[in-house]
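Structure first, then comments.
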Amino acid sequence: MSYAPILTESQLERVRVFTKTRQAAQGEVLYEPGDDTPPVYIVIEGAIRIISLAGGSEQTVTTYFAGQFSGELLMIAGRRSIYRCQAVEASNLLELSAEDLRTLIGKDAELSDIFMNAFLARRLSLSTNGHGNVLILGSRYSAATLALREFLTRDGHPFAYVDLDADRMSQEMLDRFGVCSDDIPVVICNNGKVLRNPTQREVAETLGFNENIDDSQVRDVVIVGAGPAGLAAAVYAASEGLDVLVIERAAPGGQAGSSSRIENYLGFPTGLSGHELARSAIAQSEKFGAQIMVARTVASLDCTERPYRISLDDGQQIPTRAIVLATGASYNQPALPNIDRFAGRGIYYNATFMEAQLCKDEHVIVVGGGNSAGQAAVFLAQNTAGVEMMIRSHSLADTMSRYLIQRIEENPLIRVRFCCELAGLSGDEHLQEVTWIDKTTGDVTTQPLRHVFVMTGASPKTGWLSGCVSLDPRGFVLTGRDLENIAPPQPWPLSRRPYMLETSLPGVFAVGDARAGNVKRVASAVGEGSIVVHMVHQVLAGI
């Protein structure tokens, strides 16, 4: 952690209003990994240090002195501590609770900037250096290992990773925690709790990601999906005083979160990754009081009465006055019978730094002709021996931005195969050979290739809405004028017509890729997520 601003006397006086004094003896532990959301400590006299226990041994991350303060984004999110905080010497401190911190940030713009910039920089440093309370023991050939690493990375939770295939001390590590190779991936939390081949939800529950969320209160709005559209809706709704809960089946970011570089997003001339966009949006929404529930799947919607009730996969129900559907869409799989067998073992649906590490200096295939596929090809060409793009059509012009087409055409490491599609996959534990067919000539080619990135057309995951809202034949949610001359599953009970982004169910809206007619661009998703909040306000006001 390098970002440690020193508060001025004037700033300290404004902070004191929200704090209480705390005296700490030399060596006193102020909080441990796994403790409930800890307070921020401002040092008046003395010093405190932050200690990581992720690797099974103590490692000082940073030390704070007079005028400096502890804390990072978990205080804003209301999650459990991920490290130990200890007094280096007898210290005079100000203790700022997480609740009072959010109040302070909401009332004081200058201090809000200071705290938020420090917290963002510290979380980035923690993630980059693997400091925290989670250690993953896994294999580069394990799909489950890759899935857990992606989950924690996209959630922004710092972790240390040991590749058992490359680490010479791997057996010692396994022996230390009493696990065997059949248990991988192994996740050690808080230097004590050992999880053997856990699900994402099990990791989330162990780390207490969703503990602070009260499911009994009636929310003003529940947002289903934490991609760009859902996060934009959360930011605007929470900033305008609504009680907001976001439910995400995996980790925030959506399909955009898998993009290595977005270069045509307004205001970012050098581009930004989907992960960077999501990380900032998460912090922004939580700063205003929105809560985000991760690794939970929505199973059904009770639309028979108001408030509506959203049922999760374990039967848990969440009541809400309004709903924003931002579930996005998932890439379609090529029609190959054994493709699921190689998921995470040669078949990937993301193209981030994590996947690029797995195929360094090897040839790879990218399937798809949209912007996501183009971004993936350009990014992967930087780290691999070469990229083959498989395109079903005769041209990229109708589906890809011109700047990406130009980069692809000018890159000698990228070869585009038009009118081609995958025809076969083979291998044992990992993908080893790929077969494709040229639809123009009928030629069939088989080559030894171990990595294929699939970024083809997407389909919505809206089956759980059947019987409540109108869907088009492909499962996309119909809204606004598209509902005219459509017989909805539930009769429209109001004298007014549905608002522009409103579904056939009053108070239920759809934004982003799941909405029929949506323009598949990040900026479009963010725009819809922002303007839908105005319509939510109208519904809540009974207009």
Side-chain angles (χ1 to χ4, degrees), residues 140-143 146-147 150 255 258-261 274 330-396 398-401 404-459:
R140 69 183 68 179
Y141 305 111
S142 163
L146 178 61
E150 287 180 338
Q255 200 174 95
S258 65
S259 295
S260 54
R261 182 63 49 179
S330 300
Y331 289 122
N332 295 330
Q333 289 185 346
L336 300 174
N338 61 344
I339 191 169
D340 287 337
R341 173 185 169 193
F342 297 112
R345 298 174 178 148
I347 296 292
Y348 314 103
Y349 300 92
N350 299 311
T352 66
F353 177 74
M354 193 173 300
E355 287 82 16
Q357 289 178 305
L358 301 176
C359 50
K360 185 176 176 61
D361 298 327
E362 296 186 56
H363 283 85
V364 304
I365 289 176
V366 173
V367 181
N371 276 3
S372 295
Q375 290 161 351
V378 172
F379 170 67
L380 292 168
Q382 302 171 26
N383 302 281
T384 64
V387 178
E388 301 266 358
M389 292 193 71
M390 300 285 178
I391 313 296
R392 295 181 64 182
S393 66
H394 293 81
S395 170
L396 291 172
D398 293 336
T399 56
M400 188 179 294
S401 297
L404 279 173
I405 297 175
Q406 185 174 354
R407 290 192 179 181
I408 289 168
E409 291 175 342
E410 295 176 353
N411 194 320
L413 292 177
I414 303 176
R415 177 179 180 180
V416 182
R417 295 183 180 274
F418 294 104
C419 301
C420 284
E421 61 182 52
L422 293 183
L425 307 169
S426 62
D428 295 324
E429 294 300 315
H430 195 280
L431 180 64
Q432 294 173 325
E433 283 188 341
V434 178
T435 299
W436 64 86
I437 183 170
D438 186 320
K439 303 296 285 187
T440 302
T441 64
D443 293 341
V444 177
T445 304
T446 299
Q447 287 191 6
L449 283 161
R450 303 178 64 252
H451 305 282
V452 176
F453 293 81
V454 177
M455 296 183 172
T456 52
S459 298

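The structure presented is a predicted model; accordingly, all values stated were derived computationally and were not measured.
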Notebook entry, point to check: Side chains of Thr352 and Asn350: do they bring a donor and an acceptor to under 3.5 Å?
Noted result: no
Next item on the list: Could you tell me which residues satisfy ring-ring contact (aromatic ring centres under 6.0 Å, His included) with His430, sequence neighbours excluded, listed by chain and number?
Entry: His451
Next item on the list: Mind checking the NE2-CD spacing from His363 to Gln447? Nearest 0.5 Å is all I need.
Entry: 8.5 Å
Check: Is there a donor-acceptor pair closer than 3.5 Å between any side-chain N or O of Thr384 and the backbone N or O of Val364?
Finding: no
Margin query: Test your reading of the model: is there a side-chain donor-acceptor pair from Arg341 to the backbone of Leu431, 3.5 Å cut-off?
Written below: no
Note to self: For Ala423, is there any backbone N or O sitting under 3.5 Å from a side-chain donor or acceptor partner on Thr435?
What the structure shows: no
Next item on the list: Kindly compute the distance separating CE (Met354) from OH (Tyr348), expressed to the nearest 0.5 Å.
Entry: 12.5 Å
Check: Does CD belonging to Glu429 count more than 12 external heavy atoms closer than 6.0 Å?
Finding: no
Notebook entry, point to check: With respect to Met390, which candidate in Pro334, Cys420, Cys419 satisfies the side-chain contact (heavy atoms from CB on, under 4.5 Å) definition?
Noted result: Cys420
Notebook entry, point to check: Does the Asn411 side chain pair with the main chain of Val378, one donor and one acceptor, at a distance under 3.5 Å?
Noted result: no
Next item on the list: With rounding to the nearest 0.5 Å, note down the distance linking CG in Asn383 to CG in Leu413.
Entry: 11.0 Å
Next item on the list: To the nearest 0.5 angstrom, please state how far the OG1 atom of Thr445 sits from the CZ atom of Arg417.
Entry: 6.0 Å
Next item on the list: Output the distance between atom CD (Gln375) and atom CD1 (Ile408), rounded to the nearest 0.5 Å.
Entry: 9.5 Å
Item checked: Asn332 side chain to Thr456 side chain, donor-acceptor N/O pair below 3.5 angstrom -> no
Margin query: Show every salt bridge (charged side-chain N to carboxylate O under 4.0 Å, His left out) that has at least one partner inside residues 367-378, sequence neighbours left out.
Written below: none
